[in-house]
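Contents: one structure, followed by commentary.
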Amino acid sequence: MQLVLIAAGVMLAAAAALTLVRIVRGPAPSDRVVATDVLIAIVAGSLAVEAAINHHSYTIPVILVLSLLAFAATVSMARFIAGRQGVVGSGPERRGRGA
């Protein structure tokens, strides 16, 4: 069992390190947003492993809140990036008077 936990810790640490490299190097803001979302998923996975090791049940709400915040942040950044690039669909403010 200890070997499995050590392997999980090493893999999560390696994934976090590679994700941090992607956040720093970029090259586009969308790459950084996706990498941040992946990093938050790695943190949630690490919390889940810690909860399994120590038999904690109070870690589950923390993981849930963290995941919901990551989802909201990813959606808002995607809308922000799409708005800057003019990709957002035509809403009421973009339609002409005759439409």
Side-chain angles (χ1 to χ4, degrees):
M1 186 67 168
Q2 286 290 80
L3 185 62
V4 172
L5 296 176
I6 291 171
V10 168
M11 286 189 286
L12 286 168
L18 291 172
T19 304
L20 285 173
V21 168
R22 177 52 54 196
I23 290 173
V24 170
R25 289 189 50 180
S30 60
D31 294 330
R32 289 185 172 100
V33 169
V34 170
T36 304
D37 196 31
V38 170
L39 184 63
I40 292 173
I42 291 169
V43 169
S46 301
L47 286 172
V49 169
E50 188 272 332
I53 292 170
N54 295 324
H55 305 290
H56 292 161
S57 62
Y58 56 85
T59 309
I60 295 171
V62 173
I63 296 170
L64 181 65
V65 169
L66 184 64
S67 300
L68 289 173
L69 286 174
F71 172 74
T74 302
V75 168
S76 64
M77 282 304 296
R79 289 182 56 100
F80 175 73
I81 291 170
R84 280 182 39 195
Q85 295 174 351
V87 185
V88 178
S90 62
E93 65 276 356
R94 291 192 179 192
R95 292 186 188 150
R97 290 186 181 255

* **Other cluster members, L47 - Ile/Leu/Val/Met/Phe/Trp/Tyr, side-chain contacts below 4.5 Å** =>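 Same cluster as L47: I40, V43, V62, I63, L66.
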
Could you tell me which non-hydrogen atom of [X] sits nearest to which non-hydrogen atom of [Y], and how far apart they are?
X: I42; Y: A16; answer: CD1-N, 3.8 Å
X: M77; Y: V33; answer: CB-CG2, 3.8 Å
X: R22; Y: A35; answer: CG-CB, 3.7 Å

* Provide the full list of side chain to side chain donor-acceptor pair (under 3.5 Å) pairs with a residue in residues 50-69, sequence neighbours left out, each pair given once. =>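 Sorted result for residues 50-69: E50-N54, E50-H56, H56-Y58.
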
* Asked: By side chain to side chain donor-acceptor pair (under 3.5 Å), which residues pair with T74, not counting sequence neighbours?
  ->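 Applying side chain to side chain donor-acceptor pair (under 3.5 Å) to T74 gives D37.
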
* Cluster overlap L12 with V38, hydrophobic side-chain contacts below 4.5 Å ->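 L12 and V38: one cluster.
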
* Asked: Measuring from T36:OG1 to L20:CG, what's the distance to the nearest 0.5 Å?
  ->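 It is 9.0 Å, given to the nearest 0.5 Å.
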
